[in-house]
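The next block holds one structure in the form of structure tokens; read it before the comments.
Predicted model only: the values in this text are computed from it and were never measured. In what follows, chains are A, B, ... by sequence order, proteins preceding strands, each numbered from 1.
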2 protein chains.
Amino acid sequence: MTDTDTVTLTLDEVAALSRAVLTRHGLAPDHVEAVTETIVAGERDECAAHGVYRLLVCINTLKTGKVSPDAQPVVDDVAPALVRVDAGGAFAQLAFKRGVPHLITKAKASGIAALALNNCVHFAALWPEIETVVAEGLVALAVTPSHAWVAPAGGRKPLFGTNPIAFGWPRPGPFPYVFDFATSAVARGEIELHRRAGKPIPEGWGVDGDGQPTTDAATALAGAMLTFGGHKGSALSTMVELIAGPLIGDMTSAESLAFDDGAGSSPYGGELIVAIDPAGFLGAAAADHIARAEAVFDGITGQGARLPSQRRYEGRVRSLASGVHIPRALYDDIRALLD
Amino acid sequence: MTDTDTVTLTLDEVAALSRAVLTRHGLAPDHVEAVTETIVAGERDECAAHGVYRLLVCINTLKTGKVSPDAQPVVDDVAPALVRVDAGGAFAQLAFKRGVPHLITKAKASGIAALALNNCVHFAALWPEIETVVAEGLVALAVTPSHAWVAPAGGRKPLFGTNPIAFGWPRPGPFPYVFDFATSAVARGEIELHRRAGKPIPEGWGVDGDGQPTTDAATALAGAMLTFGGHKGSALSTMVELIAGPLIGDMTSAESLAFDDGAGSSPYGGELIVAIDPAGFLGAAAADHIARAEAVFDGITGQGARLPSQRRYEGRVRSLASGVHIPRALYDDIRALLD
């Protein structure tokens, strides 16, 4: 790609672009800041699908009227180790920001705590939230349903969302151990890309309306996606439906898709974040055991295998040093949102 | 199989057999009771690998001297929502029994709580413990490392255990939603059975010492097993190593295997059990949302897919009605332990 095919921006310029676009489309200032932090984090880490591209997704959802542009999150301190935040139908980011100080305080006081976000619109990856909690020295787990696109193992009809599971563990230095993956075999966008390119999809990504394996992208999109890992991935996806749905009084992926009602908006519903304080179990010895955990990571990288967020962190270093490179066509599409 | 090939026992007779064998080999009475409950549960649910067969495994471990026959668990109330139980090198069952009332009390008081078992020998599945917690109306998650037999995705050397993840959710009626699976592609015993039978194993179960895929069972056992679900299963297995190892001040699977030092005993180390009280998030509305979750299960079974514990529950009904059927050769091997 030549220089003329991309636009190079500093992270401050990315943030300014995000603020301008979101503000232009009526998002309230505190929501603009919270969403912008997530957009900048995605672009900074070279996650193209979670960077400025997501501005298009956000604006699309705003245009459907399926997201509140200005609802103020309401924090409800429901139990010594639990806190709920009602996002009031707005994007999840501000609700998370308002809830996370409570989560951290409770986890440090009780040893373990959970934060439920309710009634929010989800368009982002979970790892920025995981990193926020882990930066406090806590271990973190986060899950959320999405839209019902994925069939259970042995089934044929969409029931589960792509239902990501994200986890983080504090490490010495700036880069924690973090993973964040969909429990679907692949992201729905990946199948869309194959459909646009007219390319077959590998077996295991989806089934047709009769539950038969298909390698045709359009057939899989009209039928159902599959989970990763067969019946085990299907069980994990079920768990996500339950603990970030009914457990916190919020929608399942099927209910989220029904709520969307064909509008094409981002998933709507809840999210559960659990935080555990190593010092709660171990007191002053926690630091020694966190250091001892490094042997696990050394055991992975020492045999040439990769850690889950390694590529993101490499991208982060590059972006902080020399900015980010956005495809010009995408940049132009985003700039057009300012007209 | 003809009647002469099996021995039919009532569950009381299974319990009496288990008590006799364990007592004969020096296990202290309260440990005998706790281990027997687990053995009976496995046989009752027609999990052949976790029923009376496990008596052979227990006695083998007792003979290695790698398990304490009589250590008394020590409960340590470390934080408002955390409790640790030091098993003192004995089997995990009694430590769990001593710790679980504290876990339940703390989960109901705080909304979420965690129980860490330390320094225990593990030979059993996790679902009996999950069912105990879920019977109190709580949602439960349990994980434990094992021996380092499994390579990380992209690697070739054993680092992880088979690292099971178990989860439970309360349902109306006697049968909760429970899953309990190894994060390895299959149980190690499954590969052993293929080796004994001289049968090839499917690709994806293991690699040779150079990390190359193999369909030879002996080569995989000498090389490394693989996780289910590629890099996602590998990430989950890493999480289990961390949260049921260093987080609770206990061994990783590599450390457990080193501790075994070739003796062939069961894995040694910790276990983490997390419990969440739906009433903590939802108060009096919890029952309505637990009922609403039934739509997820109906969505699975309604399209002909199975729930994870369905086969176990069907076996349970049969066993409670008409006893269990134990292969005569196995029964004779167990009876021989009484000589």
Notebook entry, point to check: Are any non-hydrogen side-chain atoms of A/Leu141 and B/Ile243 less than 4.5 angstrom apart?
Noted result: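 They are not in side-chain contact.
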
Check: Mind checking whether B/Val274 and A/Ile112 have side chains closer than 4.5 Å, heavy atoms only?
Finding: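 B/Val274 reaches A/Ile112 side chain to side chain.
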
Using a cut-off of under 4.5 Å for heavy-atom pairs, which of [options] has the most such pairs with chain A?
options	answer
B/Ala151, B/Ala107, B/Gly230, B/Ala182	B/Ala182
B/Gly304, B/Ala148, B/Gly229	B/Gly229
B/Ala305, B/Pro246, B/Gly154, B/Pro152	B/Pro246
B/Arg306, B/Lys106, B/Glu255	B/Glu255
B/Ala286, B/Gly111, B/Ser253, B/Ala153	B/Gly111
B/Thr183, B/Leu307, B/Asp277, B/Asp250	B/Asp250

Checklist line | Region of B/Arg156 in contact with chain A, defined by heavy-atom distances below 4.5 Å | finding: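 Both parts, backbone and side chain.
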
Notebook entry, point to check: At a heavy-atom separation under 4.5 Å, does B/Ala293 approach chain A through its side chain, its backbone, both, or neither?
Noted result: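 When you check distances to chain A, atoms from both the backbone and side chain of B/Ala293 fall under 4.5 Å.
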
For chain B, which of [options] has the most heavy-atom pairs under 4.5 Å?
options	result
A/Ala109, A/Ser110, A/Ala291	A/Ser110
A/Val296, A/Asp288, A/Ile248	A/Ile248
A/Ala113, A/Ala235, A/Ala254	A/Ala235
A/Gly155, A/Gly249, A/Pro278	A/Gly249

Item checked: Verdict with supporting geometry, B/Phe167 and A/Leu236, side chain to side chain contact (heavy atoms under 4.5 Å, CB included) -> CA-CA 9 Å; B/Phe167 171 80; A/Leu236 288 167; over 6 Å; no

Distance (rounded to the nearest 0.5 Å) between [X] [atom1] and [Y] [atom2]:
X	Y	atom1	atom2	result
A/Met239	B/Trp169	CE	CH2	11.5 Å
B/Ile290	A/Leu247	CD1	CG	7.0 Å
B/Ile165	A/Lys232	CD1	NZ	9.5 Å
A/Ile300	B/Thr238	CD1	OG1	4.0 Å

Which atom of [X] lies closest to which atom of [Y], heavy atoms considered:
X	Y	result
B/Leu159	A/Gln303	CB-NE2, 4.3 Å
B/Ala114	A/Phe281	CB-CZ, 4.0 Å
A/Ala79	B/Gly280	CB-O, 4.2 Å

Next item on the list: Evaluate the criterion side chain to side chain contact (heavy atoms under 4.5 Å, CB included) for residue pair A/Val139 and B/Leu242; output intermediate values, then yes/no.
Entry: CA-CA 10 Å; A/Val139 174; B/Leu242 295 168; over 6 Å; no

